[in-house]
Asks: 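Following this message is one structure expressed as structure tokens.
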Amino acid sequence: MDAIRIYGGNCLKGQTKIQGSKNASLPVLAATLLINGTCEIENCPYISDVFHMLRLLESLGCKVTREENLVRVDTSQLSECDMPADSVGVMRSSIMLLGALLARMGSVSMEYPGGCVIGKRPIDLHLRALRRMGVEIVENEEGFCAQAANLRGVSHELPFVSVGVTENLILAAVLAQGRTVIHPAAREPEIQILCEFLQSAGAGITGIGTDRLVIEGVQRLHPVRFHVPADRIVAGTYLTACMCTGGRVFLQDAPCQHMQSVLACAESMGTRIVCEKDGILVSGRACKCLDNGLVTACYPGFPTDLQSLFMVAMALSGHSGWIEETVFENRFRIVPELCRMGADITVQGARAYVHPTGGLHGAIVEAKELRGGAALVVAALAAKGTSIVTNRHYIDRGYEDITLNLRELGADIELA
Ligand code: UD1
């Protein structure tokens with residue numbers, strides 16, 4: 001069955017290693033298209049979103065080999081610039097291939113991308129910004145054809161911050177003619193990681209880590225070997241598992257420097273955090289009220305991807321609290337499921353109000369998207385009795401083996 005069974009109530013203790021970052025490996029894999037030759041990507045997570053990306057690269061003519069978490073992508077025989085609809089349809093980050101393919105092949109046709117069902121997730125801004133760089137785009141009901149004889153650098157003043165648009169423009173700009181400025185650029189760590197990968201391959205990028213990226217186009221990039229850092233959202237998932245159940249866990253490789261807003265929130269809720277050289281030590285249950293609520297924002301603000309996990313921690317804290325979602329408009333899909341487990345949460349517009357209850361109980365609940373699914377697993381760890389979380393495939397999009405990692409931390413959990 002496509003589900004996870006959890007016997008709740010164990011206090012977590014132990015150590016687990018945090019996998020490589022999903023949201024960093026996807027654009028880095030897309031970026032290999034810009035490099036003629038073989039790139040080696042280390043610490044690439046074993047998750048279905050990465051498999052889809054590798055399949056897309058193969059369908060374009062790349063030779064892909066994989067030895068555990070080392071992926072080699074040889075792009076010297078690129079042949080196709082039409083992407084298979086079934087993979088594009090399931091993964092939003094397939095849009096990332098657009099900028100890279102235009103730079104390498106000059107044309108591409110694809111269907112509109114998919115991804116988690118967390119709001120409208122349009123691609124209007126991607127297309128508008130690429131048009132300004134000389135791309136001709138013809139849209140139809142299912143998708144679009146894009147062509148660029150010569151990509152040219154321009155100054156982009158974007159109407160809002162977008163991770164995907166920033167990544168796509170970086171990929172279109174590194175081999176374009178002249179200078180591209182992206183402002184305001186997203187500052188998420190995954191953007192910095194993409195820029196560092198491209199820089200190591202010879203790209204001219206300055207302003208990394210700021211909201212103004214300046215890219216001087218170069219003639220060509222050279223193959224590199226690159227290590228993908230650990231996933232801050234996966235680390236945040238196991239952090240909240242400890243916040244909800246109590247205990248003491250060490251998250252090996254967790255990127256403390258990229259988790260400041262999350263760690264500050266966990267500390268305000270009463271959990272003890274110690275950042276060490278090689279990971280984060282987490283101890284104690286979250287049992288305090290978050291006085292000023294929790295508002296999601298672009299980096300360095302609180303990440304929308306951990307919002308539903310902190311909602312669970314809030315529901316178990318014994319206090320009232322509220323969460324405001326400012327990035328995606330449909331990210332409270334977990335609320336009815338949590339209420340079936342005994343939570344008391346009401347949603348008004350972009351705010352969810354969490355009221356204290358006597359704790360959660362086991363239930364059969366349905367994952368409706370990736371992070372919400374992981375949050376239901378975490379809720380079940382702290383609930384009384386047995387739970388089943390269905391639609392495990394959503395969780396597999398982003399977690400290598402959530403049951404194994406949680407078992408290492410002492411949870412009673414298995415595939416069902
Ligand atoms: C990326 C992450 C996702 C994370 C999100 C915000 C990956 C693979 N995914 O998603 O996990 O939750 O950043 O940190 O890295 N928008 C438009 N038009 C566009 C593009 C975006 O209106 O053309 C809107 C979106 O609907 C959303 C907002 O902009 O409301 C921000 O989205 P964006 O930052 O682009 O998120 P993604 O890149 O899709």
Side-chain angles (χ1 to χ4, degrees), residues 20-31 44-45 47-50 52-53 56 87-88 90-99 112-132 135 137 139 144 146 156 158-172 182 184-195 211 228-229 231-234 236-237 258-259 261-262 295-310 324-333 350 369-375 394-395 397-399:
S21 162
K22 164 174 104 61
N23 288 357
S25 23
L26 293 173
V28 164
L29 287 170
C44 206
I47 53 176
S48 61
D49 266 17
V50 165
H52 284 299
M53 177 58 92
L56 278 169
S87 267
V88 173
V90 294
M91 201 182 58
R92 182 173 166 82
S93 44
S94 48
I95 188 73
M96 216 81 64
L97 294 168
L98 179 58
Y112 291 120
C116 269
V117 208
I118 46 171
K120 294 198 281 291
R121 306 194 89 169
I123 57 164
D124 53 328
L125 194 53
H126 291 260
L127 301 187
R128 210 182 320 149
L130 285 170
R131 280 188 169 113
R132 296 191 63 241
V135 182
I137 299 170
E139 290 188 75
F144 57 88
H156 294 281
L158 302 172
F160 54 86
V161 175
S162 156
V163 173
V165 171
T166 305
E167 288 169 344
N168 223 343
L169 293 179
I170 294 169
L171 294 174
I182 307 173
R187 288 185 286 161
E188 266 65 5
E190 294 76 24
I191 306 264
Q192 300 180 33
I193 296 165
L194 172 65
C195 289
D211 72 345
V228 176
D231 194 308
R232 64 192 172 107
I233 306 300
V234 171
T237 303
H258 292 149
M259 295 179 67
S261 61
V262 175
V295 181
T296 63
C298 349
Y299 190 83
F302 189 92
T304 170
D305 286 355
L306 287 176
Q307 177 258 101
S308 47
L309 285 135
F310 269 70
E324 187 170 324
E325 173 58 60
T326 70
V327 182
F328 290 110
E329 71 277 11
N330 194 11
R331 241 189 177 167
F332 290 138
R333 288 164 58 95
E369 39 98 4
L370 164 59
R371 304 303 170 187
Y394 280 121
I395 300 172
R397 286 191 43 214
Y399 296 83

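Read the numbers this way: they start at 1 and go in the same order the structure lists the ligands and their atoms.
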Asks: Using a plain distance cutoff, I'd like to know if L125 has any nitrogen or oxygen under 3.5 Å from a nitrogen or oxygen of ligand 1.
Replies: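 Looking only at distances, the answer is yes, because the N/O contact criterion of under 3.5 Å is met.
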Asks: Which of the numbered atoms in ligand 1 are under 4.0 angstrom from any heavy atom belonging to D124?
Replies: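 Counting atoms of ligand 1 from 1, those under 4.0 Å from D124 are 17 (C), 18 (N), 19 (C), 22 (O), 23 (O).
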Asks: Going by an N to O cut-off under 4.0 Å, is there a salt bridge joining R397 and D49?
Replies: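 Yes, this pair counts.
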Asks: As an exercise, identify every atom of ligand 1 less than 4.0 angstrom from a heavy atom of R331.
Replies: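 By the 4.0 Å cutoff, the relevant atoms are 12 (O).
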Asks: For atom 2 (C) of ligand 1, which of N23, N168, V163 has the closest heavy atom?
Replies: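 Answer by nearest heavy atom: N23.
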Asks: Would you say E188's side chain and I191's backbone share a donor-acceptor pair under 3.5 angstrom?
Replies: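 No; zero donor-acceptor contacts below 3.5 Å.
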Asks: Under the 3.5 angstrom rule, does the side chain of T166 hit a backbone N or O of A186 as a donor-acceptor pair?
Replies: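 Checking the backbone N and O of A186 against the side chain of T166, a donor-acceptor pair under 3.5 Å is found.
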Asks: So does R232 pair up with E190, basic N to acidic O under 4.0 Å?
Replies: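 So R232 pairs with E190 through a salt bridge.
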Asks: Select the closest option to atom 19 (C) of ligand 1 among S21, P122, P159, A129, judged by heavy-atom distance.
Replies: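 Looking at heavy atoms only, the winner is P122.
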Asks: To the nearest 0.5 angstrom, please state how far the CG atom of D211 sits from the CG atom of L158.
Replies: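 Here the rounded value is 10.5 Å.
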Asks: Do any heavy atoms of E190 fall under 4.0 Å from ligand 1?
Replies: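 Checking ligand 1 against E190, which is what was asked, there is no heavy-atom contact under 4.0 Å.
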Asks: Quick check: F328 and ligand 1, any N/O pair under 3.5 Å apart?
Replies: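 No: no nitrogen or oxygen of F328 is under 3.5 Å from one in ligand 1.
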Asks: Quick check for you: to the nearest 0.5 Å, what is the distance between R333 atom CZ and E369 atom CD?
Replies: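 The CZ atom of R333 sits 7.0 Å away from the CD atom of E369.
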Asks: Consider every N or O of S162 and every N or O of ligand 1, then say whether any pair is closer than 3.5 Å.
Replies: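 Yes: some nitrogen or oxygen of S162 is under 3.5 Å from one in ligand 1.
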Asks: With rounding to the nearest 0.5 Å, note down the distance linking CD1 in I95 to CG in L130.
Replies: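 These two atoms lie 8.0 Å from each other.
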Asks: Could you tell me whether some N/O pair between E167 and ligand 1 is separated by less than 3.5 angstrom?
Replies: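 Such a contact does not occur with ligand 1.
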Asks: Any N or O of T304 that comes nearer than 3.5 Å to an N or O of ligand 1?
Replies: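 There is no such contact.
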Asks: State which residue, out of L97, V163, L98, fulfils the side-chain contact (heavy atoms from CB on, under 4.5 Å) condition with N168.
Replies: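 Exactly one option meets the side-chain contact (heavy atoms from CB on, under 4.5 Å) with N168, and it is L98.
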Asks: Could you tell me whether L26 and ligand 1 have an N or O pair separated by under 3.5 Å?
Replies: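 Between L26 and ligand 1, no N or O pair is found under 3.5 Å apart.
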Asks: Counting only heavy atoms, which portion of Y299 has something under 4.0 Å from ligand 1: side chain, backbone, both, or neither?
Replies: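 The answer is neither.
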Asks: Run the numbers for me: atoms of ligand 1, each under 4.0 Å from some heavy atom of G164, listed by number.
Replies: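 Within the 4.0 Å cut-off of G164, ligand 1 contributes 35 (O), 38 (O).
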Asks: Could you tell me the separation between the OG1 atom of T296 and the CG atom of D305, rounded to the nearest 0.5 Å?
Replies: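 Atom-to-atom, T296:OG1 and D305:CG are 10.0 Å apart.
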Asks: Does the N or O separation between V161 and ligand 1 drop below 3.5 Å for any pair?
Replies: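 In this structure, V161 places no N or O atom under 3.5 Å from an N or O of ligand 1.
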